[in-house]
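In what follows, chains carry the letters A, B, and so on, assigned in the order in which the sequence lines appear, proteins first and then strands, with residues in each chain numbered from 1. Predicted model, so just to flag it, every value in this text is computed and none were measured.
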Amino acid sequence: MSRDHPERLPPSTEVSDEALRWVMRLHSGSATAADHRCFESWRTLSGEHEAAAREAEALWVDAGNLHLDPVTGIVKPGRRGKGPTRRKVLTGAVALATLGGGVWASGAFRNHRSADYATGLGETRTVALPDGSRATLNARSGIALAFSPSERRIHLVEGQVFFEVAPDGIRPFRVEVNDIRATALGTSFDVDSNLADGAVSISVTEHAVDVASLSDRRRSEPVRVFESQAVVIDAEGRIGAIAAQSPSVTAAWRSGMYIAENRTLGDVVAALRSYHPGWLVIRGEGTAKLLVNAVLNLRTPDDSLDALASGLPIMVRRISPYLVVISS
Amino acid sequence: MRAIGNLLSEMFRLHHRDLVRFATRLVGDRDDGEEIAQDAYMSIAGRGAQAGAIEHPKAYLFTAARNAAVDFTVRRKIEWSYRVEVEGIESLASENDPLAAFEQRQQLARLIVALNELPPACRRAFVLNKIEGRSHQEIARQLGISVSMVEKHIMRALRQARDLRRDDGSF
């Protein structure tokens with residue numbers, strides 16, 4: 001960042017210090033759900049606060065890419081192996097720290113549930129679950145497990161996760177997000193809560209999944225979604241029509257790509273948010289509803305935004321390294 | 001205004017030992033520290049007449065050394081290849097976008113140099129929390145200090161990392 005452009009100056013030291021103090025507190029090992037809520041409302045105070053929060057979070061995530069050299073006692077690039085010393089309690093805090101305020105407002109996490117597995121900005125990870133199933137977390141995603149002798153229940157706390165389910169004749173495998181419940185019928189599928197307007201999509205790449213929405217009064221029976229199909233459930237819990245979606249499109253994000261086939265700009269930008277250290281804002285009537293057909297690189301979100309700008313009637317303005325405004 | 005040669009020799013005479021000690025702390029090796037000190041003198045020499053007007057030669061010299069340490073860390077291949085093996089920053093950057101990869105490296109190198117510049121206890125507290133996932137209470141117990149001291153250490157580390165992250169290396 002250049003000092004010659006005052007409009008690109010980062011947040012003030014005062015606000016930034018507050019953001020750093022929040023990040024420190026949320027990773028202290030004794031942060032409460034109330035602390036997380038406070039931070040979420042603090043960051044909405046202004047664009048500067050949000051930018052400071054993003055900067056502090058990006059700093060925290062970057063710091064995961066180093067280790068202490070035991071010989072010299074100094075910090076060097078690169079991670080040590082994922083030793084058992086890395087505690088779940090703190091990685092869980094990362095997921096909660098990045099939760100949107102709207103999720104809290106929905107009351108979905110009033111029971112102080114935190115993520116057992118979580119990823120940060122631009123980070124994806126595959127984890128083996130205790131039953132032998134596998135979960136691949138997209139960036140800024142988190143899941144909490146509630147396994148019991150009668151069922152394998154997983155809460156999608158945030159983000160997008162691909163599940164490969166190990167067969168178990170006794171305990172059904174269920175993924176819950178908001179009031180939506182997806183029950184696997186021996187299968188692999190993807191649950192994405194990174195859509196615009198709080199919608200959730202469930203895409204099946206093998207066999208089938210039963211999707212039920214507790215808040216959809218029109219349907220008492222679950223909807224069965226088969227391989228190469230996807231369904232979108234809107235923020236009110238209404239289950240949409242089943243649409244064809246190729247498994248390669250569903251799988252693309254796991255290779256760092258995003259394939260938009262008639263997706264809205266709002267959904268595309270929502271997907272890029274988990275990879276962009278700044279705050280991406282969409283402005284202007286109808287901008288978020290523009291339809292996009294593109295193949296984008298999630299690892300280089302800024303280039304992807306520029307690629308979108310070259311093919312759509314939109315303008316991408318970088319107000320600061322932490323604030324990008326997309327408008328018609 | 002002094003001639004650049006005089007300035008450099010004065011810097012060398014007054015501050016060389018401290019400079020090498022400082023640079024060694026940033027990169028962990030005495031030979032590398034010497035190299036960085038040389039790089040710092042070179043960068044000041046490269047500024048020619050401009051350098052003659054500086055008011056605080058010592059601060060200027062140490063800033064030059066810090067920048068040289070960042071560049072050195074970015075350049076040092078061995079550690080970065082270790083990094084690639086493990087997973088991480090390199091894979092975050094598109095392989096066909098060397099500029100983005102370089103910028104990410106630069107960012108992480110700044111973070112590393114910022115942390116190494118801190119007193120060892122401060123750095124240790126930060127690493128125990130961030131990398132080893134210890135709670136503030138556990139760190140307090142392990143280092144024999146109060147929880148509020150742990151928090152002071154971590155805040156100092158975060159602030160220092162933030163400041164150097166924002167610094168574009170010019171001076």
- Message: Between Leu118(B), Asp163(B), Leu158(B), Asn116(B), who has the most heavy-atom pairs with chain A when the cutoff is under 4.5 Å?
- Response: Asn116(B)
- Query: For the atom pair OG1 (Thr73(B)) and CG (Leu66(A)), what is the distance rounded to the nearest 0.5 Å?
  - Reply: 11.5 Å
- Find out whether Leu68(A) and Arg124(B) are in side-chain contact, i.e. whether some heavy atom of one side chain is under 4.5 Å from a heavy atom of the other. yes
- Message: Keeping Asp62(A) on the side-chain end and Leu108(B) on the backbone end, is there a donor-acceptor pair under 3.5 Å?
- Response: no
- Note on the structure: Smallest heavy-atom separation, Gly29(A) atom then Ser135(B) atom, equals CA-CB, 3.9 Å
- CZ of Arg165(B) to CD of Glu55(A): how many Å apart, nearest 0.5 Å? 6.5 Å
- Note on the structure: Smallest heavy-atom separation, Ile74(A) atom then Arg123(B) atom, equals CA-NE, 4.1 Å
- Sort Gln107(B) into side chain, backbone, both or neither according to what part of it lies under 4.5 angstrom from a heavy atom of chain A. side chain
- Applying a strict 4.5 Å limit to non-hydrogen atoms, the region of Pro11(A) in contact with chain B is both
- So do Thr13(A) and Arg162(B) actually touch side chain to side chain, heavy atoms under 4.5 Å? yes
- What residues of residues 15-25 of chain A sit under 4.5 Å from chain B when only non-hydrogen atoms are counted? Ser16(A), Asp17(A), Leu20(A), Arg21(A), Met24(A)
- Interatomic distance, Arg166(B) atom CZ to Leu59(A) atom CG [nearest 0.5 angstrom]: 10.0 Å
- Which bit of Ala58(A) comes within less than 4.5 Å of chain B, counting heavy atoms only: side chain, backbone, both or neither? both
- Message: Does Arg134(A), at its CZ atom, have more than 12 non-hydrogen atoms belonging to other residues, nucleotides or ligands within less than 6.0 Å?
- Response: no
- More than 12 heavy atoms of other residues, nucleotides or ligands under 6.0 Å from CD of Gln142(B): is that the case? yes
